[in-house]
A.B. asks: 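The structure's right below; bear with me while I get my questions together.
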Protein chains: 2
Amino acid sequence: MKLACPAPLWRHDRVVLGHGSGGKLSAELLRDVFLPALGNEILDRMEDQATCTLQGLGGGARIALTTDAFVVRPLFFPGGDIGKLAIHGTVNDLAVGGAEPKLITAAFILEEGLALADLERIARSMRVACDEAGVQLVAGDTKVVDRGKADGVFITTAGVGLVPAGRSLSISAARPGDRVLVSGTLGDHGIAIMSVREGLEFETVLQSDTASLAGLTRVMLSACPSIRCMRDPTRGGLASALNEMATASGVGIELREADIPLEAAVKSACELLGLDPLYVACEGRLVCAVPARDSERCLAAMREHPLGRRAADIGAVCEEHPGVVTAKTVVGGERVVSMLAGEQLPRIC
Amino acid sequence: MKLACPAPLWRHDRVVLGHGSGGKLSAELLRDVFLPALGNEILDRMEDQATCTLQGLGGGARIALTTDAFVVRPLFFPGGDIGKLAIHGTVNDLAVGGAEPKLITAAFILEEGLALADLERIARSMRVACDEAGVQLVAGDTKVVDRGKADGVFITTAGVGLVPAGRSLSISAARPGDRVLVSGTLGDHGIAIMSVREGLEFETVLQSDTASLAGLTRVMLSACPSIRCMRDPTRGGLASALNEMATASGVGIELREADIPLEAAVKSACELLGLDPLYVACEGRLVCAVPARDSERCLAAMREHPLGRRAADIGAVCEEHPGVVTAKTVVGGERVVSMLAGEQLPRIC
């Protein structure tokens with residue numbers, strides 16, 4: 001099978017929503033605008049977190065550093081809110097890099113007219129999320145912009161974690177033969193947001209999966225130190241996370257669709273809306289590549305953790321078609337799972 | 001003389017522009033919303049940067065951590081742009097805490113429709129600012145919101161610095177008898193922004209003072225390790241920085257207006273617009289409290305640095321009226337310089 005990523009169909013001269021999709025246009029923005037101007041050896045690695053040795057800190061200690069902006073709409077949704085999401089998102093970017101999340105900062109951009117009661121609710125929710133994840137919020141900032149120049153509240157968090165000696169997970173470390181594992185059902189967060197926005201109703205209320213992954217990654221890395229790499233499939237979903245892994249590691253990835261865990265409500269909403277669940281965001285799930293000999297042990301450890309009960313082996317890393325992700329469909333065919341070209345669900349995180 | 005800060009005149013239930021002023025309303029938001037929900041021993045210190053010991057890093061090493069959101073309008077102004085400002089602001093918050101700035105992260109919130117050429121120009125400007133300040137930008141994020149839900153681009157930066165062993169500057173460390181020094185003219189940044197927005201013209205073009213203070217603080221701390229505390233007088237200007245110092249240190253501060261360095265253009269713009277230059281933001285200046293016996297040496301060191309040529313002794317810390325800042329006016333009277341009550345110049349950083 002010969003597969004290639006299609007060339008971009010047009011060049012943009014202005015920002016479009018797709019530039020924030022986590023898919024192809026996001027990658028183009030990074031490649032054409034940010035990396036030429038700002039690139040360096042650490043940023044160029046394109047991990048979800050930067051691992052840095054600080055000269056002057058004792059014994060070659062390494063810290064991990066990450067940041068994320070949150071612009072989700074609506075601010076409150078089933079299972080969470082923008083504050084919870086802003087803590088979980090940054091904690092998770094540290095955790096999937098194998099770091100212990102420690103410190104967090106939060107900067108708020110408020111729109112004139114925002115109800116202070118909403119802001120209080122968001123702040124309290126952030127505190128609970130910090131306490132659960134074992135991180136301390138140590139610095140913050142607040143700016144206010146005139147009405148109509150923002151949308152309620154935007155929150156940007158940054159996080160610092162500690163990377164234990166000898167640990168080095170990397171998006172470029174997947175090897176042919178590795179198994180690909182996910183920690184639970186996919187797309188719950190994106191569809192929960194979408195259902196509120198579009199007024200969709202399901203028989204059961206679909207909750208966002210937003211959660212701190214720090215506890216889960218801890219038990220996984222303790223049971224299975226050989227894990228090659230982990231990612232949390234947020235914007236752009238599982239498809240984007242695995243495409244990034246395939247490209248960075250120079251390997252192919254083959255999924256089996258039938259084994260990918262999905263909530264019934266997500267499945268039916270995706271059918272109804274014409275969405276592919278592989279592209280829908282999660283905010284409390286991870287995908288990882290693990291050497292085949294250790295994958296059963298890893299899966300068992302995941303399933304013992306409350307956030308990993310529905311963990312599953314969904315495919316394998318292969319030598320063929322490097323940089324390309326494929327999926328065996330339920331009806332027996334095979335399809336290419338490429339990066340998202342445009343924007344599927346704007347502002348879900 | 002008996003002085004007291006007036007009680008707030010009203011309680012808000014919605015966010016107003018003044019909540020972002022860096023003055024009284026900002027302090028209220030912090031006291032009533034953020035600290036009750038998010039407070040802890042580090043955040044409660046209200047420094048411009050958090051200094052933290054990380055268990056697991058060798059030898060009691062301490063890192064400093066800070067974050068700032070930037071929403072300045074217009075994006076480009078005489079002497080700078082939002083990108084430069086976003087790097088300088090975070091570098092300076094680390095530097096005035098006595099930390100060596102090392103690592104920086106940047107998260108962008110883009111409005112659909114922003115010209116990519118503008119974004120490229122901003123990113124290039126950030127690179128130059130990073131290189132000048134000796135910091136490495138190691139992590140980033142980009143989100144896009146629909147047209148009309150943001151304003152061009154907002155940038156949030158977070159920074160990590162190293163605090164040398166034995167160094168502890170603090171906003172609560174000023175002592176009666178200390179001299180109060182500023183590194184240069186006040187208000188250049190705020191008036192430069194204002195003049196572009198309002199179409200004011202001066203005989204000479206007034207430039208923003210935006211600059212990295214890391215080099216200046218290095219020579220100051222080397223010449224004068226006894227410096228008690230430093231602040232960069234950004235939002236809310238010199239008045240807010242000194243009020244925070246007076247309150248946190250439990251001391252009074254007495255300024256001499258005649259000795260406060262001002263550009264002629266700033267002076268005339270302030271007269272024209274009815275602004276008090278003590279409340280106008282700088283983005284490349286610092287104010288510090290220094291024991292009297294060392295203040296001449298400190299001033300000499302400042303004046304040898306390009307960013308400190310117009311450094312001046314502008315007053316003293318006193319025992320009287322703790323928490324209150326006063327100024328001897330040019331005509332010989334005395335006035336109270338209180339915290340800004342509302343918003344003077346919105347969106348200047």
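Naming convention: chains lettered A, B, ... in sequence-line order (proteins, then strands); numbering from 1 in each chain.
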A.B. asks: Using non-hydrogen atoms and a 4.5 Å limit, figure out which bit of A:Glu111 sits close to chain B: side chain, backbone, both or neither.
C.D. replies: backbone

A.B. asks: Less than 4.5 Å apart, side chain to side chain, heavy atoms only: is that true for B:Val144 and A:Val16?
C.D. replies: no

A.B. asks: Apply salt bridge (charged side-chain N to carboxylate O under 4.0 Å, His left out) to A:Asp141 and B:Arg235, showing your working.
C.D. replies: CA-CA 12 Å; A:Asp141 184 42; B:Arg235 271 186 302 175; 3.0 Å; yes

A.B. asks: Quick one: what part of B:Lys143 sits under 4.5 Å from any heavy atom of chain A, side chain, backbone, both or neither?
C.D. replies: both

A.B. asks: To the nearest 0.5 Å, what is the distance between CZ on B:Arg347 and NZ on A:Lys149?
C.D. replies: 7.0 Å

A.B. asks: For chain A, which candidate among B:Ala50, B:Ala69, B:Ala158 shows the most heavy-atom pairs at distances under 4.5 Å?
C.D. replies: B:Ala69

A.B. asks: Between B:Gly113, B:Ser26, B:Ala115, which residue shows the highest count of heavy-atom pairs closer than 4.5 Å to chain A?
C.D. replies: B:Gly113

A.B. asks: Name the region of A:Lys102, side chain, backbone, both or neither, that has any atom closer than 4.5 Å to a heavy atom of chain B.
C.D. replies: side chain

A.B. asks: Please determine, among A:Leu110, A:Thr105, A:Asp131, A:Asp118, the option with the most heavy-atom pairs under 4.5 Å with chain B.
C.D. replies: A:Thr105

A.B. asks: Are the side chain of A:Arg14 and the backbone of B:Leu114 linked by a donor-acceptor contact shorter than 3.5 Å?
C.D. replies: no

A.B. asks: Could you tell me which non-hydrogen atom of B:Thr67 sits nearest to which non-hydrogen atom of A:Ala107, and how far apart they are?
C.D. replies: OG1-CB, 4.0 Å

A.B. asks: Name the one of A:Val15, A:Asp13, A:Asp32 that satisfies side chain to side chain contact (heavy atoms under 4.5 Å, CB included) with B:Leu116?
C.D. replies: A:Val15

A.B. asks: Nearest heavy-atom pair of A:Ala123 and B:Val33: which atoms, and what distance?
C.D. replies: CB-O, 4.4 Å

A.B. asks: Select, from A:Val71, A:Val145, A:Thr51, the one with the greatest count of heavy-atom pairs under 4.5 Å involving chain B.
C.D. replies: A:Val145

A.B. asks: Does any heavy atom of chain B fall under 4.5 Å from the side chain of A:Asp146, the backbone, both, or neither of them?
C.D. replies: both

A.B. asks: Give the member of A:Glu100, A:Glu47, A:Gln136 that has the highest number of heavy-atom pairs under 4.5 Å with chain B.
C.D. replies: A:Gln136

A.B. asks: Select one option (side chain, backbone, both, neither) describing which atoms of A:Ala106 are under 4.5 Å from chain B's heavy atoms.
C.D. replies: backbone

A.B. asks: Any non-hydrogen side-chain atom of A:His19 less than 4.5 Å from a side-chain atom of B:Glu112?
C.D. replies: no

A.B. asks: Between A:Val160 and B:Leu65, is any pair of side-chain heavy atoms under 4.5 Å apart?
C.D. replies: yes

A.B. asks: Quick one: closest heavy-atom pair of A:Thr66 and B:Ala139, and the distance?
C.D. replies: CA-CB, 4.1 Å

A.B. asks: So which part of A:Leu29 gets closer than 4.5 Å to some heavy atom of chain B, the side chain, the backbone, both or neither?
C.D. replies: side chain

A.B. asks: With the side chain counted from C-beta on, respond yes when A:Thr156 and B:Phe154 share a heavy-atom pair under 4.5 Å apart, and no when they do not.
C.D. replies: no

A.B. asks: Decide yes or no on side-chain contact (heavy atoms from CB on, under 4.5 Å) for B:Leu43 and A:Leu137, but give the supporting numbers first.
C.D. replies: CA-CA 7 Å; B:Leu43 203 62; A:Leu137 195 152; 4.1 Å; yes

A.B. asks: Under a 4.5 Å heavy-atom cut-off, does chain B meet the side chain of A:Arg124, its backbone, both or neither?
C.D. replies: both

A.B. asks: Does any N or O in the side chain of B:Arg127 come within less than 3.5 Å of the main-chain N or O of A:Gly39, such that one atom is a donor and the other an acceptor?
C.D. replies: yes

A.B. asks: Pick one of side chain, backbone, both or neither for B:Thr142, based on which atoms fall under 4.5 Å of a heavy atom in chain A.
C.D. replies: both

A.B. asks: Measure the spacing between SG of A:Cys130 and CG of B:Asn40 and express it to the nearest 0.5 Å.
C.D. replies: 8.5 Å

A.B. asks: Measure A:Ile109 against the heavy atoms of chain B and call it side chain, backbone, both or neither at under 4.5 Å.
C.D. replies: side chain

A.B. asks: At a heavy-atom distance under 4.5 Å, which candidate from B:Thr157, B:Val138, B:Ile42 has the highest pair count against chain A?
C.D. replies: B:Val138

